[in-house]
Amino acid sequence: MEDLNRRLMNSLRLTYNLLRRRRIQGVLLEGSGDPDDGAKQPRTKGAADMEKKQLLKIKEERSALLQEMIIEAVCQAGKPVSQRQLTGQLSVSPQLLADELGRLERKGYVSRSRSKDSLREPCVSLTRQGEARAAELQQIKNRQNAEFFKPLTEEEKETLLTLLDKLNLAEEMGLKENGL
């Protein structure tokens, strides 16, 4: 059952990423079309302060999520991973990745070293503390997955997985046909 939940979450994640990529590409290709998008509405000082707090909270949550994704990606690789590989795998900018790696390094979860193949290419590996955090995150993810899919029977989960796989395959084929 845990394996089915994991497969479902991976398929849902893939579906989300494909739909996100399509949306981003659509925005880039079509633009917003609304000439008033750039118009600023006057704000009160209290509203501006609240907006700043909300933006800061979103930034902190994004940072924590990206750190978890980095730990998970390095753990799954099972060996040191180049920063370039992580940038591509996580679809983040090199600067954002470097910033988050610095935070993780200060927390003691990762260490960076030079690749044996290329002295210029930094590689990331988990420390013992990072490995413990990865195991902890996996347990949390397993509990969340089980809770999320709890309302579904095993048959319904299999059906959902089949449907998501079908959507993902069709979307990937469409992206390839369009050269995206």
Side-chain angles (χ1 to χ4, degrees), residues 1-21 23-24 52-154 156-158 160-162 164-165 167-169 171-172 175:
M1 184 162 114
E2 186 175 299
D3 183 54
L4 180 58
N5 288 343
R6 183 183 51 75
R7 288 175 35 223
L8 274 166
M9 286 309 294
N10 287 339
S11 192
L12 280 170
R13 188 176 299 116
L14 178 61
T15 303
Y16 170 77
N17 287 334
L18 288 169
L19 291 173
R20 191 176 115 222
R21 184 181 340 160
R23 180 174 166 256
I24 289 168
K52 285 180 186 176
K53 287 178 184 177
Q54 289 173 336
L55 289 174
L56 182 61
K57 183 177 180 181
I58 290 169
K59 186 177 178 182
E60 289 170 355
E61 288 172 355
R62 184 186 75 177
S63 176
L65 179 60
L66 182 53
Q67 288 177 25
E68 289 176 10
M69 291 169 63
I70 291 168
I71 290 171
E72 181 180 12
V74 176
C75 181
Q76 285 178 349
K79 60 180 182 170
V81 180
S82 76
Q83 283 188 218
R84 184 176 304 163
Q85 287 173 312
L86 283 173
T87 298
Q89 184 178 347
L90 300 174
S91 300
V92 295
S93 71
Q95 181 60 47
L96 180 58
L97 181 69
D99 291 346
E100 295 305 330
L101 286 172
R103 289 181 182 94
L104 287 169
E105 214 168 16
R106 287 189 293 278
K107 291 178 180 178
Y109 292 143
V110 300
S111 64
R112 289 187 269 189
S113 60
R114 297 292 172 193
S115 168
K116 295 174 185 171
D117 300 330
S118 169
L119 294 177
R120 295 183 55 156
E121 183 68 35
C123 286
V124 181
S125 55
L126 293 178
T127 62
R128 288 195 190 279
Q129 188 176 350
E131 291 170 355
R133 180 65 179 151
E136 181 182 325
L137 291 171
Q138 188 60 48
Q139 289 175 347
I140 292 168
K141 185 190 284 187
N142 290 342
R143 279 195 308 270
Q144 289 173 338
N145 291 350
E147 187 65 31
F148 183 76
F149 292 113
K150 192 175 185 178
L152 302 177
T153 66
E154 291 301 305
E156 290 170 330
K157 290 177 187 178
E158 288 289 349
L160 177 59
L161 183 59
T162 301
L164 287 171
D165 287 345
L167 286 172
N168 291 335
L169 181 62
E171 185 67 18
E172 284 179 350
L175 290 173

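What you see is a predicted model; the values in this text were computed from it and never measured.
Ion pairing between Glu72 and Lys141 holds under the 4.0 Å rule for side-chain N and carboxylate O.
To the nearest 0.5 Å, atoms CE (Met69) and CG (Leu86) are separated by 10.5 Å. Going from atom CG of Leu8 over to atom CG of Leu164 covers 7.0 Å, rounded to the nearest 0.5 Å. Rounded to the nearest 0.5 Å, atoms CD (Glu121) and OG (Ser113) are 11.0 Å apart. Of the inter-residue distances, the one linking Arg112 atom CZ with Ser82 atom OG reads 13.0 Å to the nearest 0.5 angstrom. Put simply, CG on Leu4 and CG on Leu161 are 6.5 Å apart, with the number rounded to the nearest 0.5 Å. Of the inter-residue distances, the one linking Glu154 atom CD with Glu156 atom CD reads 10.0 Å to the nearest 0.5 angstrom.
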For this session: Please lay out, stage by stage, how Phe149 and Leu160 fare under the test side-chain contact (heavy atoms from CB on, under 4.5 Å).
Result: CA-CA 10 Å; Phe149 292 113; Leu160 177 59; 4.1 Å; yes
Exercise. Taking it one step at a time, do Lys57 and Glu60 satisfy salt bridge (Lys or Arg N to Asp or Glu O under 4.0 Å)?
Worked result: CA-CA 5 Å; Lys57 183 177 180 181; Glu60 289 170 355; over 6 Å; no
For this session: Give the C-alpha distance, both sets of side-chain angles, the deciding distance and a yes or no for side-chain contact (heavy atoms from CB on, under 4.5 Å) between Leu96 and Glu100.
Result: CA-CA 6 Å; Leu96 180 58; Glu100 295 305 330; 4.2 Å; yes
For this session: Report the C-alpha separation of Glu158 and Arg7 in whole Å, then their side-chain angles, then the decisive distance to 0.1 Å, and conclude whether the side-chain contact (heavy atoms from CB on, under 4.5 Å) test is met.
Result: CA-CA 10 Å; Glu158 288 289 349; Arg7 288 175 35 223; 4.1 Å; yes
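The residue from Lys150, Gln144, Lys157, Glu147 that alone fulfils the side-chain hydrogen bond (donor to acceptor under 3.5 Å, both in side chains) condition with Asn5 is Lys157. Tested against Arg133, the residues Glu136, Glu131, Gln129 include a single side-chain hydrogen bond (donor to acceptor under 3.5 Å, both in side chains) partner, Glu136.
Among all heavy-atom pairs drawn from Arg6 and Asn145, the shortest one is CA-ND2, 4.3 Å. Taking each heavy atom of Leu126 and Ala134 in turn, the nearest pair found is CD1-CB, 4.2 Å.
By the 4.5 Å heavy-atom criterion applied to side chains, Leu90 and Leu66 are counted as neighbours. For the pair Arg114 and Cys123, the minimum side-chain heavy-atom distance is 4.5 Å or more. Inter-residue side-chain proximity for Phe148 and Met9 is flagged as met; some heavy-atom pair is nearer than 4.5 Å.
Heavy atoms of other residues, nucleotides or ligands lying less than 6.0 angstrom from CZ of Arg84 number 12 at most.
Between the side chain of Thr87 and the backbone N or O of Gln83 there is at least one donor-acceptor pair closer than 3.5 Å. Put simply, the side chain of Asn168 gets close to the backbone of Ser11: a donor and an acceptor are under 3.5 Å apart.
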